[in-house]
Every structure is written in C-alpha cells, then in structure tokens.
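A short worksheet on the structure shown next.
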Amino acid sequence: MTDKRSFYLTTPIYYVNAAPHLGTAYTTVAADALARYQRMNGRDVLFLTGLDEHGQKVEEAATANNCSPREWVDRLAPAFTELWEQLAISNDRWVRTTDPEHEHAVQMLAQQLYDTGDIYPGTYEGWYCVPDEAYWAESDLDLHEHNADGAPAPLCPDCGRPLRYVEEQNYFFRLSKYQDWLLNYYEQHPDFIGPDTRRNEVISFVSGGLKDLSISRANVKWGVPLPWDADHTMYVWFDALINYISAIGYGNKQRFAEFTRRWPANLHFVGKDIIRFHCVIWPAMLHAARLPLPERIFAHGFLLAKGEKMSKSKGNATAPAALIERFGVDGYRYYFLRDVSFGTDGSISDEAMVQRYNGDLANDWGNLCSRLFNMVHKYCGGVVPDPSVCADTGEGAELREIAAGLYARVDAAFEALDYAGALEAIWDLVKAANRYLENSAPWTLAKAEEGSAERARLAAVLYGALEAVRIVALFAAPVLPLTSSEVLCRLGLPALDCSSTAALGDTAPLEQLTAWGGLPAGSPITIGEPLFPRLDQSATR
Ligand code: ME8
C-alpha cells in the first residue's frame, strides 16, 4: 500500500431517469480535473462517482418505458459509463445504489439509527416533488395563489413542477434534534460548506427550524427495504447519501481498514440544487451514526442555457456527444472549466465555446506547439538543442520567472477550486512563450553563421520555448489530459498517465516535475497534426 496521503473526492450520484447531459458532465469533469491534479500533486486519490438508481422518479420512468426498474437502470447505466469514458473521466470507483454491498450498508446504518431511537414511526401528510424526490413544507409553498387559480397542486419551489400530495404511515429521522448541533458545527468549521453564499444559505435555512424527516415510503416499491419493516422502502435520498461511505467499505468488516483510511472524505462536489441534502441531512445522519463528517462540501452553480437551468426533466438539456465530436475531449473539458466560474451560475453558448477554442486552444497553445516544433526541425535537426552552448544573456528571464512562480499560483487556484484562475495562470506562460518567440525571432537568428554568437542564441531561445511548452503541458494535464500527453510525447518524453495513483507510480510530484531545465537536450521532437484544428467561427449553431 502506498504511503501517500489519501484524497477522497466524490460527485453526486446521478439519477438514471434519463441519459447524462451537460450539467451532470460538468460536475464530473470538474471532479476529474481535481482528481488528476491531486494525483500529480502526490496524493493517493480515490475519486468516486456513480448512479442513484432507486426511488419513485426512476420507478415511474421505468413504467413509462414499459419495463421493470431493474431493466431500466441496467439499460441506462451504460449511457453514463460510456460518456465518462469518452470524456476521459478517471474515477477510481463506480457505485450503483443497487449494488448489494451498498444496500447492506444502508440497512445497517438505518437499523443503527432505529435502535438508538433516532428513527421512529409516524405519519407523513404533505407535498412531495417526484422529479426532485423532495418533501416540501406548506410554509415553503405558494398555496394560496395556486388554489385560487384552480390549479390542482402547488408547484415545486425548486423546479416549478406540480407537487403531489402524500399521506402515508412511514418512519421519521429526528432531524430537528440536531438543529443546534448543526449550527454550532457550521460555526466551528467555517470551511465545511463552500462557497460562502451557500454556507449562509444553509445556516439561514437551519436557523429557520428543522422538522423531522420522513425517511421511508410505503407506496414506492423500488428501494431498499427497511430491515425492521419490509413494507417500507428507504427514502431515496437517505439511501443515496450513504453511497459515499458504502463505496469505501462501510458496513463490511473485511474492508474496515480501507474505510478508516478513506473516511472522512476530503471533498463532496455537488450542484447548488442539492445542498440541503448534503449540508443538513447528511451531516446529521453521520453524526447520529457516530461517524465523522466530510471535510468540505462545495456547491457549484448551474449551467444556464438561454438564462434557464439546464435539466433533464425540463427537457432543455444538451447531449454532450455532439460537442465532444466538434471540440474534442480536451476542447470540451477546457471550455466548461475556463469559461464558467466554479461556484456561480454560468451561461454557456456555442459562440463562446468556439471563441474559447479558437482563441486559447487553437491560436495560443496549439499554434505555439506547431510553430515551435517546426522551427526545431528546420533549424536544429529535429532535436532539443543544447542551451549550454550559449551564455545566459538573460533574455529568457521573463519566461523562467513566470514558470518559477507557476506552481504556487496553480496550486492556490486548485486549492480554491478556481479552475478558471488556474488556467489563466498557465496561459500566462503560454502567452509569454509566444511573445518570446516573436521578440527573439529565431528565423533571423537562424540566418547567422554557424558557430556565431547569434546561432548559439538560437539554441537558447528554442530550448527556453520548448521548456515552457513542457511545463505548460504538465500543468494543463488535469484539464487537458489527452493533448498534454500528446505534447509530452512530441517532446520525446514519457507520456504522463494521471488517470490513477497507481498509473502515475513514483513519478515525481508536480512541483518537482515542473522545475526549469527538466527537458533533456537531444530529445527528438515530433511535429504531428495540429492539436486543436481551428473551427470556422461562422459555423456556430
Ligand atoms: O440530484 N448545471 O441527481 P441528478 C450544473 N441523485 N450542474 C448540473 C445541472 C446544471 N444545469 N443539472 C444537473 C441528484 N447538474 C441525486 C444526487 S447524491 C447522494 C444524489 C449536476 O441526476 C449537479 O451536480 O438530478 C447536480 O447537483 C446534479 O447534477 C444532480 O443530478
């Protein structure tokens, strides 16, 4: 077993009521980039994602498609695994809530809370949103207006669809008992919820008073049966949240060491739509079960299409496949992490995507590589020149200075989950390398006589630019894994596989790898095809 420090990162597990879309891919791509970064930074990463397969919403989707829920989830699950593979998602583990190990863990935790009296029988009477699988208190609803309109049901304050009235005998979790404890915990752990806007939102919600939560459904068959009352299935959120511990061995004696090594998680990524479940219910469940809480829960914003949240149920969700085909895997990943600030809502558009792709990737980065690699072939016989033939004239000083400060900037940005900031810092080096080539004009230096000082400078200039390219490729690898590997290969260096801690092996951590001077002279350079072929701006859709 590795002695690297553990870094355990999760995404929400997605409902299998429809195929994955840009929104679900957004969280997954962001988590993947962070997982890759942390692996390169020397951590032993466990990156978990998966599927939320139980509940009324999935049960109804199956019925609407004339099949059993089991057939339905099995039919849809590959749409997720295939998309994640296509997007180079490097999850170390994959959880489905229909996994027997998960179901066992759910039953164990529920039984424990039932035995301690934290779960008790009661009657639920109120409104339920099936698409969100969420209960709503009447105080949250605009009942008057809708009843006056003669509408059959109030609308969900979150997704705007009609709620259903539920009247059932079921079981409750004593959430209200934990209200003060939660408020105290938020106060003592200011980094527990991020960003601050979400933290404040959660604190104000909890301060408003918590009600006990119905955690079982008598009329939903597709779920984990309660161990002490098989007429009830577990409320889908209670079931789903437990994935974060069931996937790492909670409830399995043989996996106890793994569980204690990995838990608590370092980070749960969620969309801002599901913070109450993650920041209120989940911590209370864990505390009631005497388990430690995750270190941090970070909620990003929504991707907006023409000003509206993109969602499967609203039917305005775009399928990622067409964009991947057009922009490539790395082009796709880059756009969402560079153009949408992680933590706030972001409008996305085809025009913006083409602009980012052509500007940052095709012009700045792709062109730098192809111009430079061509020059090395033209002027240096296709191998990395030896810079020691030239005394340091100091003209590459700016490049070296930016490169030297880059690790600190990129690391701080990743720590702050500021992907756009990390990429902006990396692009400072890309731009400086382009400027350096322009200013030192290797094509003029190449005209000088063999053995002259000018020719020696040519070697130093090309070496400096090549070294900047190597460093950019390494820093950009978490976001652009395919093209970064390609660039390293074209520099004659071993490919870098940051898709798992094991694949990375004992490769030096990023700070060491990116120290200036790591590119050996004599290394063969391959020109290759354009990394990011330019897209026709007028062809936006
Ligand atoms: O909520 N913009 O699953 P889900 C950005 N099964 N992100 C978006 C988005 C958008 N327009 N739409 C969806 C569930 N997402 C539960 C989770 S976890 C124990 C159970 C992302 O399929 C975002 O991460 O509805 C959001 O939180 C998640 O998809 C919801 O996925």
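Order of listing sets the numbers, starting from 1, for every ligand and every atom in it. Just the heavy atoms: all of them, side chains too, but no hydrogens, waters or symmetry mates, feed the values below.
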**Complete:** Going by the 4.0 angstrom heavy-atom rule, the piece of His278 near ligand 1 is side chain
**Complete:** To atom 12 (N) of ligand 1, the nearest of His21, His268, Lys57 on a heavy-atom basis is His21
**Request:** Count the heavy atoms of every other residue, nucleotide or ligand shown that sit under 6.0 Å from NZ of Lys211, and state whether that count exceeds 12.
**Result:** no
**Message:** Under 4.0 Å, counting heavy atoms only: does Phe269 come that close to any atom of ligand 1?
**Reply:** no
**Request:** With sequence neighbours left out, write down each residue that passes side chain to side chain donor-acceptor pair (under 3.5 Å) with Tyr178, or none if nothing qualifies.
**Result:** Asp118
**Prompt:** Going by distance only, is there an N or O of Leu303 that falls short of 3.5 Å from an N or O of ligand 1?
**Reply:** yes
**Prompt:** Purely on distance, is any nitrogen or oxygen of Val270 under 3.5 Å from one on ligand 1?
**Reply:** no
**Request:** Check the angle between the aromatic planes of Phe298 and Phe342 and answer parallel, tilted or perpendicular using the 30° and 60° thresholds.
**Result:** parallel
**Prompt:** Between His21 and Tyr14, do the side chains contain an N or O donor and an N or O acceptor separated by less than 3.5 Å?
**Reply:** no
**Check: Ile274 N/O within less than 3.5 Å of ligand 1 N/O** = no
**Asked** At a 4.0 Å cut-off, with the gap strictly under it, does some heavy atom of Gly301 reach an atom of ligand 1?
**Response** yes
**Prompt:** Where the side chain of Asn91 meets the backbone of Arg93, is there a donor-acceptor pair that is under 3.5 Å apart?
**Reply:** yes
**Prompt:** atom 18 (S) of ligand 1: which of Phe336, Tyr15, Tyr244 has the nearest heavy atom?
**Reply:** Tyr244
**Prompt:** Taking atom types as modelled and ignoring hydrogens, do the side chains of Ser499 and Arg39 form a donor-acceptor contact shorter than 3.5 angstrom?
**Reply:** no
